[in-house]
Structure formats: structure tokens, C-alpha cells
Amino acid sequence: MKPMSKLMTATAAIAITAAGAASAKELKYAHFQAADLSSPKHAAALAFEACVEGKTSGSIDVQIFPASQLGGGSEIMEGLQLGTVQMAAIHDGPISAVYKPFSVLAMPYLFDDQAMAWSVMDGEFGDALADDMLAKTGIRNFGVADNGVRNFTNNVKPVAEPADMEGLKMRVMTAPVWITLVESLGASATPVPWPELPGALQQGVVDGQENGVTNIVNASLYQHQKYVSLDGHVFSWHAYLMSDMFYASLTGDEQAAVSQCVEISKTIHRGMTAAQDANATAILSDLGMEVVPVSPEQKAMFRAAAQPAVREYIVGEIGEDWPNRLDAAVEAYKAQ
């Protein structure tokens with residue numbers, strides 16, 4: 001038999017490559033931050049894409065859809081359940097609307113710092129919450145990264161203690177627990193989907209909102225807000241979620257690659273967001289916002305006003321079990 005010519009060899013290689021690409025499993029990955037390397041979610045998503053495609057030799061084709069291109073939180077959660085969206089890094093509000101126990105993480109003024117929050121969510125409590133979510137929704141939670149420590153911003157007046165919240169119209173995520181939090185502090189709450197928030201602030205539909213530094217910067221909310229109060233009321237989360245139908249379609253090696261690459265992505269995501277939170281005063285001041293410090297005594301006032309009302313609401317929605325588990329996990333960390 002005559003040896004193949006160089007042209008025939010190249011043609012065959014191209015055909016094999018094309019066939020492999022055609023048979024690759026498509027993984028649509030949705031998130032809502034801008035397609036910019038300064039955005040923690042996008043930087044983490046790009047790392048995930050490179051990692052997964054490298055570890056699987058291209059058998060999984062990761063396609064990233066940033067900036068809410070595939071819809072808002074509700075649409076993405078529905079897509080994960082239906083399998084039309086394979087993966088997403090999505091914030092806690094829309095998750096709680098589909099899986100109510102996740103709302104326990106909206107308990108205000110609970111964690112002292114990132115080390116405590118990560119330890120709790122990476123431990124038995126976080127694992128149990130993920131297992132229950134999978135069983136009840138068909139959505140697999142690989143773990144969480146920071147959505148930033150949430151702070152109040154507004155365009156009316158400085159807010160340093162709960163009494164200052166009186167009369168403010170505040171945007172909240174589309175989950176009732178956030179309404180309870182804001183109203184317990186004396187402000188009125190208006191649910192607004194994330195993609196509509198900049199417009200709502202610009203048009204004066206709401207006076208303010210609450211988010212971490214990463215989102216205030218990424219969505220240019222500082223352009224429409226004068227004051228930011230560093231009260232740190234909630235450690236907010238982005239969960240790395242995957243349709244379990246898609247996960248089940250993967251080989252064992254592909255599943256292992258996904259898990260390993262999520263861990264890398266979470267590390268990048270957490271580090272970038274935590275750095276922004278630690279430098280909140282400098283970052284937001286440089287962008288023209290007036291930063292209002294909140295003393296430990298003032299923070300205690302916020303905690304006393306908000307925590308009982310929010311806990312009562314959460315218990316009414318999901319019962320005592322998950323709040324008690326979370327309290328136990330926090331106490332166990334403090335006892336170390």
C-alpha cells in the first residue's frame with residue numbers, strides 16, 4: 001500500500017478535527033456581569049472555559065454568555081431545570097425563588113468576614129444545602145463564590161444607622177426575603193430585576209439599592225448613586241450551578257474535569273471579589289461616591305433591627321431546620 005501524501009494526511013487530520021468538533025458537547029454558560037476581565041464572574045468563566053476544554057481535549061465546548069444575554073435570573077434558573085442552559089454562575093435571589101432554603105443565606109449581619117463565610121459554605125452545611133437543592137430541583141450546585149459583601153447605596157442622604165433609612169425607596173432582588181430585610185430597617189422596598197436596575201436608578205424609580213463593590217463597579221451603579229454605606233449587611237453569593245441532565249450526560253472523566261475547573265474558577269472569583277471589598281473605600285471614593293463608614297456600634301443597631309424580622313420571615317417560609325443548621329455552623333466556626 002502506498003503511503004498517504006502530505007496533502008491527504010492534512011486533509012484527514014482536518015476531517016478528524018471537524019468531526020470531533022461536531023460531536024463536542026455544548027455547554028452554554030450564563031452569567032450577568034460584563035464581558036470584561038475586571039469582572040470576577042467573567043474572569044472566572046474564561047478560566048473555566050480554558051480549563052474544561054483543555055482537560056477534555058475539546059470534548060466539551062464551553063460557550064460563555066455574559067451580561068444577561070440568555071435572560072435574567074428567573075429565565076436562567078428555568079433553563080437549568082429544562083436543560084436549555086447547561087451551566088450558570090447566578091446570584092442568590094433567583095436561586096431562592098426556585099429553591100426556598102437558599103434564602104437562609106440572606107440572614108443579615110451573620111458572618112464576621114470572608115474566612116468565616118467560606119468555611120461555613122465549604123463545609124457540612126454547604127454540602128447539605130447543595131444535596132437538598134439537587135434532589136428538589138434537578139440543579140447541581142458545585143459551590144459558591146462571593147457576590148460581594150452587600151452595602152446600601154442611595155442618591156438622597158448619608159446612611160449610618162437604621163433611622164437614616166426612613167423614607168428611602170430601595171431596590172431589592174426579586175425574592176421576598178430582601179423586602180423583609182429592607183423594610184425592617186424603615187425603608188420601602190421595590191423588587192427590580194438586575195438588568196433593569198441601572199435604568200431604575202437613573203430614572204428615579206428607586207432612590208437606592210444594595211450590592212457589593214463588584215456589582216456597583218461592574219454595572220456602573222456609582223454613576224447614579226452618591227452615597228454608599230459600608231454596613232456589610234449580607235455576604236451575598238454566586239452559586240456555580242449545572243443542569244443535572246447535562247451533568248449525567250458527561251463521562252466520568254468529563255465530570256471530574258468540570259468539578260476540578262469549578263474549583264479553580266471559584267478561587268479566582270473569590271479572590272477578585274474579596275480584594276474589591278477590602279478596598280471598598282478607595283475604589284468607590286475614586287469613582288466619586290461619598291463613602292459613609294459604619295461603626296461597630298452602628299452595625300449592632302442594624303443587626304438588632306434587621307435580624308429578628310428576617311429570621312422570623314425565613315422560618316415562616318422554610319421552617320427552623322436550615323436556620324438552626326446555619327447558626328450551628330457559625331457557632332462551630334467561632335468555637336475553633
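Small disclaimer: the values here were computed from a predicted structure and weren't measured.
Val192 and Leu221 are members of different hydrophobic clusters when ILVMFWY side chains are connected at heavy-atom separations under 4.5 Å. There is a path of hydrophobic side-chain contacts, each under 4.5 Å, that joins Ile60 to Val262. Cluster annotation: Ile179 is connected to Leu185 through the hydrophobic network of ILVMFWY side chains, with a link wherever side-chain heavy atoms come within less than 4.5 Å. Linking ILVMFWY side-chain heavy atoms closer than 4.5 Å, directly or via other members, places Val98 and Leu82 in two distinct hydrophobic clusters. Both Val217 and Leu197 are assigned to one and the same hydrophobic cluster, defined by single-linkage of ILVMFWY side chains at heavy-atom distances under 4.5 Å.
Here the CG atom belonging to Asp286 is positioned 11.5 Å from the OH atom belonging to Tyr222, to the nearest 0.5 angstrom. To the nearest 0.5 angstrom, Phe235 atom CZ is 4.5 Å from Gln114 atom CD. The distance from the CD atom of Glu78 to the CD1 atom of Ile139 is 10.5 Å, given to the nearest 0.5 Å. Rounding to the nearest 0.5 angstrom, the gap separating the CE atom in Met242 from the CD atom in Gln255 is 9.0 Å. Ser38 OG to Asn218 CG: the interatomic distance, rounded to the nearest 0.5 Å, is 6.5 Å. Ile90 CD1 to Ser68 OG: the interatomic distance, rounded to the nearest 0.5 Å, is 9.0 Å.
Proximity of a side-chain donor or acceptor of Glu53 to a complementary backbone N or O of Val62 within less than 3.5 Å is detected. Asp132 places no side-chain N or O within donor-acceptor distance of the main-chain N or O of Leu129, the cut-off being under 3.5 Å. Under the 3.5 Å distance criterion, the side-chain polar atoms of Asp92 are matched with a main-chain donor or acceptor of Trp237. No donor-acceptor pair under 3.5 Å is formed between the side chain of Lys136 and the backbone N or O of Tyr99. The closest donor-acceptor contact from the side chain of Ser229 to the backbone of Val159 lies under 3.5 Å. A distance-only check finds a donor-acceptor pair linking the side chain of Gln298 to the backbone of Ser295 [under 3.5 Å]. Put simply, the side chain of Asn141 gets close to the backbone of Gly143: a donor and an acceptor are under 3.5 Å apart. In this structure, Glu75 contributes its side chain and Gly72 its backbone to a donor-acceptor pair below 3.5 Å. Side-chain atoms of Ser188 come within 3.5 Å of backbone N or O of Leu168 as a donor-acceptor pair. Formation of a donor-acceptor pair under 3.5 Å by the Lys100 side chain with backbone atoms of Glu317 is not found in this model.
Across all non-hydrogen atoms, the minimal contact from Pro66 to His42 is CB-ND1, 3.9 Å. When all heavy atoms of Ala128 and Arg325 are compared, the pair lying nearest together is CB-NH1, 3.5 Å. Shown here for Leu241 and Met77, the closest heavy-atom pair between the two residues is CD1-SD, 3.8 Å. Across every non-hydrogen atom of Thr190 and Val206, the tightest pair is CB-CG1, 3.9 Å. Taking every heavy atom of both residues into account, Met116 and Leu110 meet most closely at SD-O, 4.1 Å. Residues Gln276 and Pro40 come closest through the heavy atom pair OE1-CG, 3.9 Å.
Using a 4.5 Å heavy-atom cutoff, the side chains of Met133 and Ile95 are in contact. For the pair His224 and Asn155, the minimum side-chain heavy-atom distance is 4.5 Å or more. Counting heavy atoms from C-beta outward, Val149 and Val213 have side chains that stay 4.5 Å or more apart. In this structure the side chain of Thr153 never reaches within 4.5 angstrom of the side chain of Asn211, judged on heavy atoms. By the 4.5 Å heavy-atom criterion applied to side chains, Val234 and Leu181 are counted as neighbours. Ile318 has its side chain within reach of Pro323: a pair of non-hydrogen atoms, C-beta onward, lies under 4.5 Å apart. At least one side-chain heavy atom of Met121 sits under 4.5 Å from a side-chain heavy atom of Leu105. For the pair Asn151/Val294, no side-chain contact is recorded, criterion being any heavy-atom separation below 4.5 Å from C-beta on.
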Please determine whether ring-ring contact (aromatic ring centres under 6.0 Å, His included) holds for the pair His233 and Phe152, giving the CA-CA distance in whole Å, both sets of side-chain angles, and the decisive distance to 0.1 Å. CA-CA 8 Å; His233 49 274; Phe152 290 112; 4.1 Å; yes
Any chance you could lay out the side-chain contact (heavy atoms from CB on, under 4.5 Å) test for Glu183 and Tyr313, step after step, and finish with the verdict? CA-CA 12 Å; Glu183 291 184 346; Tyr313 172 83; over 6 Å; no
Check the pair Tyr29, Tyr240 against side-chain contact (heavy atoms from CB on, under 4.5 Å), reporting the backbone distance first and the verdict last. CA-CA 10 Å; Tyr29 183 137; Tyr240 281 76; 3.3 Å; yes
Please report the C-alpha distance between His238 and His31 in whole Å, then the side-chain angles of each, then the deciding distance to 0.1 Å, and finally whether the side-chain contact (heavy atoms from CB on, under 4.5 Å) criterion is met. CA-CA 10 Å; His238 283 149; His31 72 77; over 6 Å; no
Show, in sequence, the C-alpha distance, side-chain angles and deciding distance for Val258 and Arg140, and conclude whether the side-chain contact (heavy atoms from CB on, under 4.5 Å) test is met. CA-CA 12 Å; Val258 166; Arg140 183 173 291 269; over 6 Å; no
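The environment of CG in Asp253 is sparse: at most 12 heavy-atom neighbours from other residues, nucleotides or ligands sit within 6.0 Å. Taking a 6.0 Å sphere around CD of Glu312, one finds it holds 12 or fewer heavy atoms contributed by other residues, nucleotides or ligands. Other residues, nucleotides and ligands contribute at most 12 non-hydrogen atoms within 6.0 Å of the NZ atom of Lys226. For Gln63, the CD atom sits in a packed shell: over 12 heavy atoms of surrounding residues, nucleotides or ligands are nearer than 6.0 Å.
Gln209 and Gln225 are not linked by any side-chain donor-acceptor pair at a separation below 3.5 angstrom, with hydrogens and angles left out of the test.
In this structure, Trp322 and Phe125 have perpendicular ring planes: the angle between them is above 60°, well past the 30° mark. Ring geometry for Trp194 against Phe32 counts as tilted: the plane angle lies between 30° and 60°, on a 0 to 90° scale.
The side-chain contact (heavy atoms from CB on, under 4.5 Å) test with Pro108 singles out one residue from Asp231, Val177, Val310, Thr180, and that residue is Val310.
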